[in-house]
Amino acid sequence: MKILAACDIHEEEAVLDPLESLSSIHDFTFICGDISHTNYFINQCLEKFHNSFFIPGNWDNELVNQVLEKSPKFIHKKRAELKNGYNVVGFGYSLPTPFATFGELSEEQIYEQMSKLPIDENTLLLLHCPPKGYFDLSRRNLNI
């Protein structure tokens, strides 16, 4: 199974066509948040990416979340069956940031909500923010 994962598109029109081309040679495309601030752009994404699943990031505003919630591709706090016995469960948003964005939750809220998710040994967990200790270092942490 080939999966394309992308996040933090931040409404960059220039990435849509290349991502769509890459998406066409993968079994599934996971769009992992921080996608859009407008109906127009999020609808473009929903149309372009077939066999895709979306979760919100902290940057995606309330309007975009409302559009996503109406799509069967939206899997925030949901599970979808893939193939070969695998499934995907999504959880978007982030911890609080200095930017006071729409999709921010406390650690306690994230723990409470994620503990209810139907996750098993065949689950691919789709997240916006990496779990602690996995791809969560910045250049400052690496002394680069």
Side-chain angles (χ1 to χ4, degrees), residues 1-140:
M1 182 169 31
K2 289 175 62 175
I3 296 171
L4 173 66
C7 69
D8 293 272
I9 296 170
H10 289 275
E11 217 162 282
E12 286 291 331
E13 289 278 344
V15 303
L16 286 185
D17 289 337
L19 275 177
E20 183 180 22
S21 292
L22 284 170
S23 179
S24 69
I25 61 171
H26 289 79
D27 298 308
F28 297 99
T29 301
F30 296 165
I31 307 294
C32 305
D34 283 6
I35 308 160
S36 178
H37 273 169
T38 64
N39 274 10
Y40 175 75
F41 191 85
I42 195 63
N43 282 314
Q44 273 190 300
C45 291
L46 289 167
E47 289 172 20
K48 284 186 178 282
F49 303 117
H50 304 285
N51 293 327
S52 59
F53 297 100
F54 288 72
I55 59 168
N58 57 293
W59 186 78
D60 300 306
N61 62 24
E62 185 174 10
L63 176 68
V64 166
N65 275 268
Q66 289 170 357
V67 171
L68 284 171
E69 287 171 3
K70 293 175 186 170
S71 172
K73 297 177 177 185
F74 185 67
I75 61 162
H76 176 63
K77 298 196 283 187
K78 296 178 186 173
R79 176 179 167 137
E81 300 304 315
L82 299 176
K83 59 184 187 179
N84 302 331
Y86 289 99
N87 65 78
V88 61
V89 171
F91 193 85
Y93 303 137
S94 78
L95 291 167
T97 72
F99 311 110
T101 54
F102 175 77
E104 297 181 13
L105 301 170
S106 69
E107 284 190 34
E108 293 78 17
Q109 290 171 305
I110 291 172
Y111 179 80
E112 177 188 333
Q113 293 177 33
M114 285 191 73
S115 66
K116 297 174 186 170
L117 297 178
I119 297 171
D120 61 28
E121 65 277 356
N122 293 320
T123 299
L124 302 176
L125 184 58
L126 186 58
L127 300 169
H128 175 61
C129 289
K132 184 176 181 181
Y134 294 88
F135 307 109
D136 63 347
L137 297 177
S138 69
R139 294 173 78 58
R140 184 173 53 207

Do N39 and Q66 touch side chain to side chain, with heavy atoms closer than 4.5 Å? no
Are the side chain of T101 and the backbone of N58 linked by a donor-acceptor contact shorter than 3.5 Å? yes
Return the minimal non-hydrogen interatomic distance between D27 and M1, and the atom names on each side. OD2-CA, 3.1 Å
Check whether any side-chain heavy atom of M114 lies under 4.5 Å from a side-chain heavy atom of L127, and answer yes or no. yes
When you measure from the side chain of S71 to the backbone of L68, do you find a donor-acceptor pair of N or O atoms at a distance under 3.5 Å? no
Output, in order, the C-alpha distance, side-chain angles, deciding distance and verdict of side chain to side chain contact (heavy atoms under 4.5 Å, CB included) for F41 and I35. CA-CA 8 Å; F41 191 85; I35 308 160; 4.2 Å; yes
Shortest non-hydrogen contact from F102 toward E62: CE1-CB, 3.5 Å
Closest heavy-atom contact between L117 and K77? CD2-CA, 3.5 Å
Looking at CD1 of I31 and CD1 of I9, how far apart are the two atoms once the value is rounded to the nearest 0.5 Å? 4.5 Å
Find the distance between OG (S24) and NZ (K48) and round it off to the nearest 0.5 Å. 11.5 Å
Of the non-hydrogen atoms in H37 and N61, which two are nearest, and what is the gap between them? O-ND2, 2.9 Å
Answer whether the closest heavy-atom distance between the side chains of C45 and L16 falls below 4.5 Å. yes
Is it the case that atom CD in E13 sees more than 12 heavy atoms from other parts of the structure closer than 6.0 Å? yes
Determine whether V64 and F54 make a side-chain contact, defined as any pair of heavy atoms from C-beta on separated by less than 4.5 Å. no
Going from CG on L95 to SG on C129, what distance comes out if it is rounded to the nearest 0.5 angstrom? 6.5 Å
May I ask you to decide if Y86's main-chain N or O and N84's side chain share a donor-acceptor pair within less than 3.5 Å? no
Going through the checks in order, is the side chain to side chain contact (heavy atoms under 4.5 Å, CB included) test met by E20 and T29? CA-CA 9 Å; E20 183 180 22; T29 301; over 6 Å; no
Do you know which of H10, E12, Q44, E11 makes side-chain hydrogen bond (donor to acceptor under 3.5 Å, both in side chains) with S36? E11
Interatomic distance, NZ@K73 vs NZ@K78, rounded to 0.5 Å, equals 14.0 Å
Does I25 form a side chain to side chain contact (heavy atoms under 4.5 Å, CB included) with L4? I'd like the steps, not just the answer. CA-CA 9 Å; I25 61 171; L4 173 66; over 6 Å; no
Which value, rounded to the nearest 0.5 Å, describes the distance between N65 atom CG and Y93 atom OH? 4.0 Å
Which heavy atom of P96 sits nearest a heavy atom of S106, and at what distance? CD-CA, 4.4 Å
Are any of the side-chain heavy atoms of I3 and L124 separated by less than 4.5 Å? yes
Answer yes or no: is there a donor N or O on one side and an acceptor on the other, between the side chain of D60 and the main chain of D34, under 3.5 Å? yes
One pair to check against side chain to side chain contact (heavy atoms under 4.5 Å, CB included): I55 and I75. What are the steps and the verdict? CA-CA 6 Å; I55 59 168; I75 61 162; 4.1 Å; yes
How are the rings of H76 and F91 set relative to one another: parallel (under 30°), tilted (30 to 60°) or perpendicular (over 60°)? tilted
Can you name the closest pair of heavy atoms from S94 and H128 and give their distance? CB-CD2, 4.4 Å
When rounded to the nearest 0.5 Å, the distance separating CG of L125 from CZ of R79 is 11.5 Å
